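All figures in this text were calculated on a predicted structure; none of them were measured in a lab. Residue numbers start from 1 in every chain, and the chains themselves are labelled A, B, ... in the order their sequence lines are given, proteins ahead of strands.
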There are 2 protein chains.
Amino acid sequence: MSSTTDAEPSPEARAPRPRGRARRGLPEGSGLSSSSGRRAPSVTGRVFSILEAFDGDHRALTLTEIARAAALPVSTAHRLVGELAAWGALERGPDGAYRIGLRLWEVGSLAPRSVGLRERAMPILEDLYEAVRQNVQLAVRDGHEIVYVERLAHPEAVRVFSRVGGRWPLHPTAVGQVLLAYAPPVVQESVLAERLAAYTSRTITDPAVLRRVLAAVRRDGVAVCDGMIDLAALSVAAPVRGEDDTVVAALSVVVPSPSEGGGIEPRTLVPAVRAAARGISRALGAPTALRSDAVPRAEGRRAES
Amino acid sequence: MSSTTDAEPSPEARAPRPRGRARRGLPEGSGLSSSSGRRAPSVTGRVFSILEAFDGDHRALTLTEIARAAALPVSTAHRLVGELAAWGALERGPDGAYRIGLRLWEVGSLAPRSVGLRERAMPILEDLYEAVRQNVQLAVRDGHEIVYVERLAHPEAVRVFSRVGGRWPLHPTAVGQVLLAYAPPVVQESVLAERLAAYTSRTITDPAVLRRVLAAVRRDGVAVCDGMIDLAALSVAAPVRGEDDTVVAALSVVVPSPSEGGGIEPRTLVPAVRAAARGISRALGAPTALRSDAVPRAEGRRAES
DNA sequence: GGCTGCCTTCCGTTCACCGGAAGCAAAGGA
DNA sequence: TCCTTTGCTTCCGGTGAACGGAAGGCAGCC
């Protein structure tokens, strides 16, 4: 043990990510502070809790709102927010509200798992987008969730709930199922042991079923989710592999669900999605994607095009 | 003064951004610490200097490298980096090096001036990209620099040096000239008073010339830069306006320079670029872009309100 | 006027942060 | 094999940076 460099999936070992506490609003009336004493009283921790006050539904907050969301005294929030704004991590609009600043976005743009991946995937994503004229999504896994790294949405395509930078659980999304199917066993078991939330009547909530689905995904190299988050949408996803041939991301196309009268036969999308995913893998330098003969494994040609 | 809410370009008033000190390497051998005493000894400041250690050319750093770049003792850097990594602002690879983490990118994605703008501009950018099959860029101004918010590059297009999240000075780029032309007078004067760096023999370095160019940009609603950063590239840019009708971004197309034997006559691009910029303005709710007859307006602005 | 909500400034107390030093581990060189 | 180098991690006592209550200033509203 203790060997820092080699085997041992250290990044996997990271705790399943706390995920914001009850997130905003503190609806549970009880005493706010103290409680479990789970305060992280380091300056850095306070700064993070300020940043966490912002999310997709709260892009502009006043000082008081920040203080409330971050559970900090106003005077403390005032000082820290001042420093953040001076550096450019936050920006203050003419209305007095704070927003995430350009500078923070800028350093965020250096994250290899998002922008680095995105840059190389973009041309292929666009080709796929042009071909299907629907929603095209690229996501990575972080802990027990997926994070959307890129999303191309056709104005007339079926509406989806994802957002660049947004998070979703693994089990009800096609990208999530792919990422989970190829995740380290520890992660899989840990997810299977959790409660699987239902979003629609079709969401998989039974661990045994999910386990079978994951096996099928590994066998076929493709995941298909019909109406598991939104009854009107169906998505098809395939794995993207990196330099060491591990699955680093997943690509998906979202189309209207045929059960809802959508026009597209999902099976016709499979080859296109698989090919695009493979193209991205190649751009990333994945060994199996470089060998021209390598077929994702089994099932390779039987899928009638 | 002191009135917080109304007139007064508070965001403009922000200092011209320090821009990293000597940036990395500390080549000057002299005694490191103390020196000018220009240390910002707050915890938050130290955290920022750690984040600043990362840039486009340094996306993966070891602890020691971070400590050196941030001018911090290793033990201090170790503690702070540990906190950053625990939260997800940094990630540690199997090689032991730190990179910018997904979590930081995620909150960065909430910045209205980058992603918010990008999301609404994307469809139009893609149309333009499909039409010209060259480089298409979207940028905003931050202080005395432009920041590229999005960039679509055709594989066969002329090579450009920009990068999403990258910074460049205002005067040698078409987007920069547009953003400067419509910037508040204080900013313009302040830029004109600085030394204008030359990148090629064609870069504008004379303030008087730049002043005339800016006037022309305001008159025409378009900027054209031929070989000012790279002799082989020519770019055409137009302003994008926001809800309050101020210029919030600029859009450009980069093509091979005709003087270098490139095939495209730049003037043919002007209508397309202008139309696309107008389309984005409309998507953002800009009043003049909504009125169907409104022409970008000649010399229209005036320090309103 | 009185009230409420929000932002800002001040200042004495204290505890979290600091960073030198020492201990480890791995890589290289003789 | 031993020694050196380089880089990472842990420890711990002193101290000054951070904390947050309190008070003051705006607006807007009843």
Side-chain angles (χ1 to χ4, degrees), chain A residues 1-8 10-11 13 25 32-34 37-50 53 58 60-87 90-99, chain B residues 1-8 10-11 13 25 31-35 37-50 53 58 60-87 90-99:
Chain A
M1 54 228 44
S2 81
S3 77
T4 43
T5 52
D6 56 7
E8 180 198 8
S10 85
L32 47 117
S33 62
S34 67
R38 177 40 29 69
R39 191 78 266 115
S42 87
V43 184
T44 322
R46 288 172 222 247
V47 167
F48 290 147
S49 61
I50 287 177
H58 305 83
L61 298 173
T62 67
L63 176 61
T64 316
E65 287 170 329
I66 293 174
R68 200 158 29 220
L72 293 173
V74 187
S75 63
T76 300
H78 179 253
R79 177 169 28 84
L80 294 177
V81 161
E83 282 191 277
L84 288 168
W87 185 72
L90 297 181
E91 288 178 6
R92 186 160 205 189
D95 55 350
Y98 293 92
R99 287 152 235 270
Chain B
M1 44 238 50
S2 83
S3 79
T4 43
T5 50
D6 56 8
E8 179 197 8
S10 84
L32 47 118
S33 63
S34 67
S35 62
R38 178 39 31 66
R39 193 74 270 117
S42 86
V43 184
T44 322
R46 289 173 222 247
V47 167
F48 291 147
S49 62
I50 287 178
H58 305 84
L61 299 173
T62 67
L63 177 61
T64 315
E65 287 170 329
I66 293 175
R68 199 157 33 218
L72 293 173
V74 185
S75 62
T76 301
H78 179 252
R79 177 168 29 85
L80 294 177
V81 161
E83 282 192 276
L84 287 168
W87 185 71
L90 297 181
E91 289 178 4
R92 186 160 206 190
D95 55 349
Y98 293 90
R99 288 154 234 270

Grab the N/O contacts between the protein and nucleotides 12-15 of chain C below 3.5 Å, and write none if there aren't any.
none

Quickly work out the A/His78 NE2 to D/dG24 P distance and round it to whole Å. 18 Å
In whole Å, what is the span from the CG atom of B/Leu61 to the C1' atom of D/dG7? 14 Å
A/Leu80 side chain reached by A/Val43 side chain, heavy atoms, under 4.5 Å: yes
For A/Tyr98, the ring pair (Phe, Tyr, Trp, His ring centres under 6.0 Å) test, sequence neighbours excluded, returns none
Taking all non-hydrogen atoms of both residues, which atom of B/Ser42 and which atom of A/Glu83 are closest, and how far apart? OG-OE2, 2.6 Å
Those residues that, when tested against B/Arg79, pass side-chain contact (heavy atoms from CB on, under 4.5 Å) (two or more places apart): B/Thr76
Say you draw a straight line from CG of B/Leu72 to NE2 of B/His78; how long is it, rounded to the nearest 0.5 Å? 13.5 Å
What pairs with B/Ser75 under side-chain contact (heavy atoms from CB on, under 4.5 Å), at least two apart in sequence or on another chain? B/Pro73
Can you tell me the distance, in whole Å, between the CD1 atom of A/Ile66 and the P atom of C/dC6? 13 Å
Which pairs, protein N/O on one side and nucleotides 17-23 of chain C N/O on the other, fall under 3.5 Å?
from, atom 1, to, atom 2, distance (Å)
C/dC17, OP1, A/Val43, N, 2.8
C/dC18, OP1, B/Arg46, NE, 2.9
C/dC18, OP2, B/Arg79, NH1, 2.2
C/dC18, OP2, B/Arg79, NH2, 3.1
C/dG19, OP2, B/Arg46, NH1, 3.3
C/dG19, OP2, B/Thr76, OG1, 2.9
C/dG19, N7, B/Ser75, OG, 3.3
C/dG20, O6, B/Ser75, OG, 3.4

Output the distance between atom CZ (A/Arg92) and atom CG (A/Leu63), rounded to the nearest 0.5 Å. 7.0 Å
Full working for side chain to side chain contact (heavy atoms under 4.5 Å, CB included) between A/Val47 and B/Val47: CA-CA 10 Å; A/Val47 167; B/Val47 167; over 6 Å; no
Taken to the nearest whole Å, OH/A/Tyr98 to C1'/C/dC6 is 11 Å
